[in-house]
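Here is the structure we will look at, set down as structure tokens.
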Protein chains: 2
Amino acid sequence: MNSDRISGSKSKRDWVAESLRARIGDGSYAEGARLPTEEVLAEEFEISRNTVRDAMKVLQNEGLVVIRHGSGTYVRNNQPIVHLATSVHGYVDSERFQRGYAPHMRAAGYDQIVETVEIALDTASGARAVRLGIDPELPIAQRQVVKRICDRFVEGQLWQRQVSHFPATIAMNTELSIPQHIERGTREVLRELGYERTWSYDLVSARMPSPQERQSFGTPPGLPLIVQDRIAYSGEQPISDIQTVMPADRHQLLYAEGEVDERVLVLGSDVTLIER
Amino acid sequence: MNSDRISGSKSKRDWVAESLRARIGDGSYAEGARLPTEEVLAEEFEISRNTVRDAMKVLQNEGLVVIRHGSGTYVRNNQPIVHLATSVHGYVDSERFQRGYAPHMRAAGYDQIVETVEIALDTASGARAVRLGIDPELPIAQRQVVKRICDRFVEGQLWQRQVSHFPATIAMNTELSIPQHIERGTREVLRELGYERTWSYDLVSARMPSPQERQSFGTPPGLPLIVQDRIAYSGEQPISDIQTVMPADRHQLLYAEGEVDERVLVLGSDVTLIER
DNA sequence: AAGTGGTCTAGACCACGGG
DNA sequence: CCGTGGTCTAGACCACTTC
């Protein structure tokens with residue numbers, strides 16, 4: 001049944017992982033199907049259950065399987081949920097989620113799109129201070145920023161988190177420092193305050209979540225987060241740093257040169273443009 | 001010494017991981033320093049070595065420590081090598097690395113920038129076929145693509161890998177299907193072939209590397225890859241899908257609305273623009 | 001209640017690196 | 001060489017889901 005392990009060539013763990021990987025690849029274990037139990041596999045491969053578990057962890061970290069406590073180990077469904085897109089010519093406003101994203105998600109059959117807003121006063125330091133045009137060496141009192149945390153829930157689960165930072169000199173004692181949804185968006189509020197956005201850039205990176213983040217997002221181990229930082233300017237003055245954190249299995253970013261047109265529709269119907 | 005574990009509140013593994021995390025956080029274990037051996041920690045926490053190892057794996061997956069076989073476990077150095085940027089208005093050509101990136105890396109003190117080129121004939125399927133405007137249902141013979149694999153090495157280590165796909169109808173039997181560096185870039189070759197780029201978009205995602213990729217890149221466990229796909233068009237005809245895969249600890253993508261100017265220099269001196 | 005994965009142990013032995 | 005982490009085992013018991 002099993003191609004015998006060439007003794008010494010690799011560890012049992014890797015041998016088992018490779019065997020299972022092959023079975024998943026050729027469809028022996030179909031998508032979504034439950035794998036044999038650890039005990040059964042241990043017998044089949046004539047190794048201890050602990051070693052089977054090690055192999056399972058390898059597969060889990062590759063995102064091939066999902067292990068469910070008390071239930072079994074399943075071949076991970078291909079993540080067809082790829083979507084979300086943002087145009088560099090648009091503006092990822094901290095609270096326009098409802099207008100662009102939520103309707104799309106609802107159309108896709110998801111309900112219960114909830115958005116919560118929190119406010120915190122924070123001190124900018126390091127890279128974020130620099131991006132907001134604040135000298136990180138200044139005393140704390142002069143490095144204050146208003147932090148707006150916007151959590152988007154889909155079906156009761158955290159879908160993405162957006163943390164916006166505004167220099168306190170701009171946002172303190174304005175609508176921006178009130179923990180309440182702003183229907184017209186923070187960009188408009190900034191404009192009314194005399195800081196019209198004239199330029200912006202995005203920084204995109206990826207990292208693994210902390211244990212708390214993994215719990216918040218409900219993501220399996222081995223799933224990275226995409227982090228997008230959009231820094232906006234009014235002339236030479238940085239006015240906001242909007243950070244969006246998204247699990248990589250449900251999000252993909254789209255950046256288009258010039259106008260986004262119907263050609264991107266080849267990607268499928270799941271392209272959402274936030275703000276044009 | 002240790003804050004006693006509140007029995008039952010959490011697993012020993014998490015308790016130990018948390019303790020070590022705290023020590024790393026407050027500097028008890030400095031950056032780059034070696035942690036006590038697994039055996040010593042097992043004694044200190046009065047648990048078995050296996051459980052210590054489980055805790056170590058947790059920390060490793062968070063990117064906090066690096067475990068070196070035969071040597072010890074070390075607090076991971078912060079990766080200050082963040083950089084690389086690309087402008088959406090530029091064109092990430094499959095081989096312009098030398099002109100934009102290599103000089104920058106050399107200026108930063110890195111030497112030995114090597115680029116290798118391989119060619120393969122492949123069959124497009126699934127999402128990639130769709131992006132290249134090829135019906136995935138067509139017979140294999142009509143779904144052929146020329147695949148150009150471009151590996152960039154820095155100091156003998158794989159730094160990033162670029163895999164370009166061109167429809168075979170365009171690239172077959174042209175300079176594009178010869179495994180040799182193209183100094184003027186593939187964009188120019190396409191133009192000469194009558195396919196001038198008129199539009200493009202990027203898809204950015206992140207995922208964990210496969211075991212082979214981890215080995216190629218020499219990255220530690222728990223480090224994701226950033227994947228950028230740039231799809232270029234000539235009119236309505238997709239002409240290339242250039243995929244760049246980069247470890248997330250050494251790369252960050254920069255997308256700017258309008259022209260990139262000196263304002264991004266606040267990010268530091270490590271901003272490289274590939275092709276304007 | 002039965003079944004499945006999660007935690008933990010004690011110990012043996014292997015593989016790698018330079019304390 | 002010695003010390004370090006890596007692999008593997010057999011088994012006990014716990015936690016979760018419901019096959």
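Throughout, protein chains are lettered first and strands after them, A, B, ... in sequence-line order, and every chain is numbered starting at 1. All figures in this text were calculated on a predicted structure; none of them were measured in a lab.
Atom-to-atom distance recorded for Leu223(B):CG and Asn61(B):CG is 11.0 Å, nearest 0.5 angstrom. A distance of 4.5 Å separates CG of Asp241(A) from CZ of Arg131(A), quoted to the nearest 0.5 Å. In this structure, CZ on Arg23(B) lies 4.0 Å from OH on Tyr29(B), to the nearest 0.5 angstrom.
Rounded to 10 degrees, the angle separating the terminal axes of the helix from dA1(C)-dT18(D) to dG18(C)-dC1(D) is 20°, with each axis obtained from five end pairs.
To the nearest angstrom, P of dT4(C) lies 11 Å from CD of Glu43(A). Atoms CE (Met56(B)) and C1' (dG5(D)) sit 10 Å apart, rounded to a whole Å. The nearest whole Å value for the distance from the CD atom in Glu38(A) to the P atom in dC16(D) is 16 Å. Rounded to a whole Å, the CG atom of Asp54(A) is 15 Å from the P atom of dG5(C).
Residue Thr51(B) places at least one side-chain N or O under 4.0 Å from the OP1 or OP2 atom of dT9(C). The side chain of Lys12(A) contributes an N or O atom lying less than 4.0 Å from OP1 or OP2 of dT9(D). Contact between the side-chain N/O atoms of Arg53(A) and the OP1/OP2 oxygens of dG6(C) is found at a separation under 4.0 Å.
Side chains of Ser48(A) and Asn50(A): a donor-acceptor N/O pair is absent below 3.5 angstrom, by distance only.
Both Arg68(A) and Glu46(A) lie close to DNA chain D; mapped to their nearest nucleotides by heavy-atom distance, the more 5′-ward contact belongs to Glu46(A). Position along DNA chain D of the nearest nucleotide to Arg13(A) versus Val40(B) favours Val40(B) as the more 5'-ward residue.
Taking Glu39(B) as the reference, Thr37(B), Glu43(B) meet the side chain to side chain contact (heavy atoms under 4.5 Å, CB included) condition, with sequence neighbours excluded. When the side chain to side chain contact (heavy atoms under 4.5 Å, CB included) test is applied to Lys147(A), the partners found at least two apart in sequence or on another chain are Ala120(A), Asp122(A), Ile149(A), Val163(A), His165(A). Annotation: salt bridge (Lys or Arg N to Asp or Glu O under 4.0 Å) contacts of Arg53(B) (sequence neighbours excluded): Glu38(B). In this structure, the salt bridge (Lys or Arg N to Asp or Glu O under 4.0 Å) partners of Asp151(B), at least two apart in sequence or on a different chain, are Arg161(B).
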Could you run down nucleotides 11-19 of chain C 5' to 3' and tag each one B, S or - for protein heavy-atom contact under 4.0 Å? B---BBS-B
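Ion pairing of Arg128(B) with Asp229(B) is present here, as a side-chain N (NZ or NE/NH1/NH2) and a carboxylate O approach within less than 4.0 Å.
Checking dA10(C), dG6(C), dT4(C) against the side-chain heavy atoms of Thr37(A) singles out dT4(C) as nearest.
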